[in-house]
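Take a look at the structure set out below.
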Amino acid sequence: MPIRLFDSLSRQVRELSAAQPDGVFRFYNCGPTVYAPAHIGNFRTFVINDVLRRMLELEMGPGKVRHVRNITDVDDRTIGQSRKEQRPLGEITRMWTGIFHADCDALNCLRPTAEPTATGYIREQVSMIEVLMEKGNAYRAADGSVYFRVGSFPGYGALSRVKERELKVTNSAFDADHKDDVGDFALWKAHKPDEDGDVRWPGPAGAAEGRPGWHIECSAMSRKILGDTIDLHTGGVDLLFPHHENEIAQSECCNGVTLARHWYHTEHLLVDGTTMSKSKGNYYTLGDLVAKGHSPVTVRYALLAGHPRKQLNFTLDSLHAAESALATLRAYRAALRRLKPASTGVYDKVLDALRDDLNTPAALGALFTVVNRGADGGNLADFERVIFALGLDLDRPAGLPATPPEVAILAEKRWAARGARDFAAADALRSELAAAGWSMLDGKDGYKLEPIKK
Ligand code: AMP
Ligand code: ZN
């Protein structure tokens with residue numbers, strides 16, 4: 001049975017497939033903006049995408065999924081934070097990237113196969129903008145910024161069904177004076193010394209020095225790493241408009257082909273009935289919940305308990321329910337280990353539910369239907385496969401501390417030193433980590449941090 005998933009563009013549940021003859025599935029998930037901690041609303045989206053990645057790997061085989069998740073390390077918010085703290089932009093974004101990685105690891109999310117940063121792909125963004133200017137889809141404004149001419153792309157609005165009137169209201173708040181039409185959006189922002197400080201790069205031919213607009217970042221990284229047409233593009237619902245609508249317009253005008261064959265958006269996590277968000281301040285980070293004594297795997301379970309395409313109201317009670325569900329699963333597995341494996345296929349309904357539009361609550365329900373019958377008749381290997389798909393690390397002891405931020409920062413520094421083949425620095429950082437009580441296990445594409453057992 002293939003994996004079927006709702007496609008936000010066609011508004012239908014459709015089969016996922018790899019289009020290229022190499023059979024590799026090309027998947028781009030918009031990543032975090034690294035200026036503050038990611039909250040568990042953000043992690044709802046990343047955890048759901050991680051289950052999707054795991055299902056794709058089970059379906060298509062290891063190495064057959066190319067999963068890109070970017071780091072947005074230059075935009076209005078990251079620059080704003082660096083100005084506020086009077087610290088260099090790179091220092092702020094590296095620190096929050098390290099903390100994001102530590103949280104992802106604690107939540108048992110597989111590392112993406114590539115994790116490009118926006119600042120690492122400026123050249124690619126500039127050259128896309130130049131193509132758009134040559135083709136007449138973009139124009140230079142009086143201040144040297146470059147805007148995308150929305151009227152030049154007849155397909156604009158197909159994804160979000162945004163109406164022209166709404167478009168004008170949404171976009172008119174900023175930069176209306178430089179644009180030909182209020183619906184147009186910035187591809188390149190001319191440098192403003194009092195806002196941007198020293199953050200600037202040479203611009204596209206004919207434009208001023210400055211920095212990219214947010215939307216072009218994903219278009220350029222996706223194109224460079226995955227190619228002009230990808231199999232799946234994902235993010236939270238708030239990215240439908242304008243971010244993904246603008247990505248489609250830029251990429252399709254530049255490349256002349258479809259950007260993504262499938263679009264998938266996860267609904268928001270709420271608190272007290274309103275969207276959890278950094279700007280509202282109504283959020284929990286993973287660290288907040290760990291400090292209250294909850295383990296990361298418990299948080300992961302609670303985030304899986306609602307249908308990804310429905311809003312989910314987060315409560316601390318949901319963590320207590322998750323804790324007891326996990327205890328049941330641990331006891332069940334211990335019992336399975338003592339028994340001879342029985343029939344296979346007992347957990348098929350769990351994977352079927354995940355293949356059916358990633359219905360995580362139905363999958364958990366199906367799992368407990370089997371588990372509640374007792375370990376007799378169960379099958380350890382099959383059970384482990386299902387647990388892998390859900391990404392529930394049952395071996396992580398409850399209440400394991402999340403990695404402290406300073407440890408996450410040391411680990412990122414060491415990983416960078418190792419990548420630059422500066423082994424003396426890498427060794428020194430390993431000693432610093434050990435002094436802080438943590439060991440770092442290096443893998444091919446990333447690392448894992450573990451507390452050193454006393
Ligand atoms: P950001 O770091 O703000 O760019 O967001 C990272 C990801 O989290 C994006 O895919 C957002 O759509 C998603 N997101 C933001 N808020 C929530 C929320 N309350 N629930 C679920 N996903 C969210
Ligand atoms: Zn994006």
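Computed from heavy atoms alone, side chains included, the values below leave out hydrogens, waters and symmetry copies. For ligands, and for the atoms within them, numbers begin at 1 and follow the listed sequence.
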Legend entry - Aromatic ring proximity, centroids under 6.0 angstrom, His262 and His233: no
Inset, instruction - State, to the nearest 10 degrees, the angle whose vertex is the Zn ion (ligand 2) and whose arms point to SG of Cys30 and SG of Cys218. - result: 130°
Legend entry - Protein heavy-atom partner closest to atom 15 (C) of ligand 1 - residue, atom, separation in Å: Asn42 ND2, 3.1 Å
Legend entry - His265/His244 aromatic ring centres below 6.0 Å: yes
Legend entry - Proximity to ligand 1 by part of Glu267, non-hydrogen separation under 4.0 Å: backbone
Legend entry - Between Phe148 and Tyr156, ring centroids under 6.0 Å: no
Legend entry - Close approach, Arg77 and ligand 1, non-hydrogen under 4.0 angstrom: yes
Inset, instruction - Among all protein heavy atoms, pick the one closest to atom 19 (N) of ligand 1 and tell me residue, atom and distance. - result: Met276 O, 2.9 Å
Inset, instruction - Specify the protein heavy atom at minimum distance from atom 9 (C) of ligand 1: its residue, its atom name, and the distance to 0.1 Å. - result: Leu239 CD1, 3.9 Å
Inset, instruction - Would you confirm whether Thr93, through its side chain, and Leu89, through its main-chain N or O, come within 3.5 Å as a donor-acceptor pair? - result: yes
Inset, instruction - State whether the shortest distance between N or O atoms of Leu269 and N or O atoms of ligand 1 falls below 3.5 angstrom. - result: yes
Inset, instruction - Please check if the side chain of Thr258 supplies one atom and the backbone of Arg261 the other of a donor-acceptor pair under 3.5 Å. - result: no
Inset, instruction - Mind checking whether Thr33 contacts ligand 1 via backbone (N, CA, C, O), side chain (CB onward), both or neither, at a 4.0 Å heavy-atom cut-off? - result: both
Inset, instruction - In plain terms, say whether Glu115 and Arg111 are close enough for a salt bridge, that is, a side-chain N and a carboxylate O under 4.0 Å apart. - result: no
Inset, instruction - Only heavy atoms count here, so choose which of Asn29, Thr45, Ile40 is nearest to atom 22 (N) of ligand 1. - result: Thr45
Inset, instruction - Measure the distance from atom 10 (O) of ligand 1 to every protein heavy atom, then report the residue, atom name and distance (to 0.1 Å) of the closest one. - result: Gly236 N, 3.0 Å
Inset, instruction - Please say which of Trp214, Trp263, Phe185 ends up in a ring pair (Phe, Tyr, Trp, His ring centres under 6.0 Å) with His243. - result: Trp214
Inset, instruction - Kindly confirm or rule out an N or O of Asp238 lying under 3.5 angstrom from an N or O of ligand 1. - result: yes
Legend entry - Presence of salt bridge, Asp50 and Arg300, under 4.0 angstrom: yes
Legend entry - Charged N-O contact under 4.0 Å between Asp228 and Lys224: no
Inset, instruction - Kindly identify the option in His243, Arg69, His268 whose heavy atom sits closest to atom 17 (C) of ligand 1. - result: His268
Inset, instruction - Please confirm whether Gly41 comes within less than 3.5 Å of ligand 1 when only nitrogen or oxygen atoms on both sides are compared. - result: yes
Legend entry - Close approach, Thr266 and ligand 1, non-hydrogen under 4.0 angstrom: no
Inset, instruction - Could you list the atoms of ligand 1 found under 4.0 angstrom from a heavy atom of Thr275? - result: 19 (N)
Inset, instruction - Identify whether the distance between the nearest side-chain nitrogen and carboxylate oxygen of Asp442 and Arg414 falls below 4.0 Å. - result: yes
Inset, instruction - Answer with yes or no after comparing the ring centroid distance for Tyr284 and His39 against a 6.0 Å cut-off, counting only values under it. - result: no
Inset, instruction - Under 4.0 Å from a heavy atom of Pro32: give me the atoms of ligand 1 that qualify, with their elements. - result: 2 (O)
Legend entry - Residue Lys278 vicinity, atoms of ligand 1 by number, heavy atom under 4.0 Å: 2 (O)
Inset, instruction - State if Phe46 counts as touching ligand 1 under the rule of any non-hydrogen atom under 4.0 Å. - result: yes
Inset, instruction - Could you tell me whether some N/O pair between Arg44 and ligand 1 is separated by less than 3.5 angstrom? - result: no
Inset, instruction - Determine the sole option in Asp143, Asp76, Asp75 for which the salt bridge (Lys or Arg N to Asp or Glu O under 4.0 Å) test with Lys189 is passed. - result: Asp76
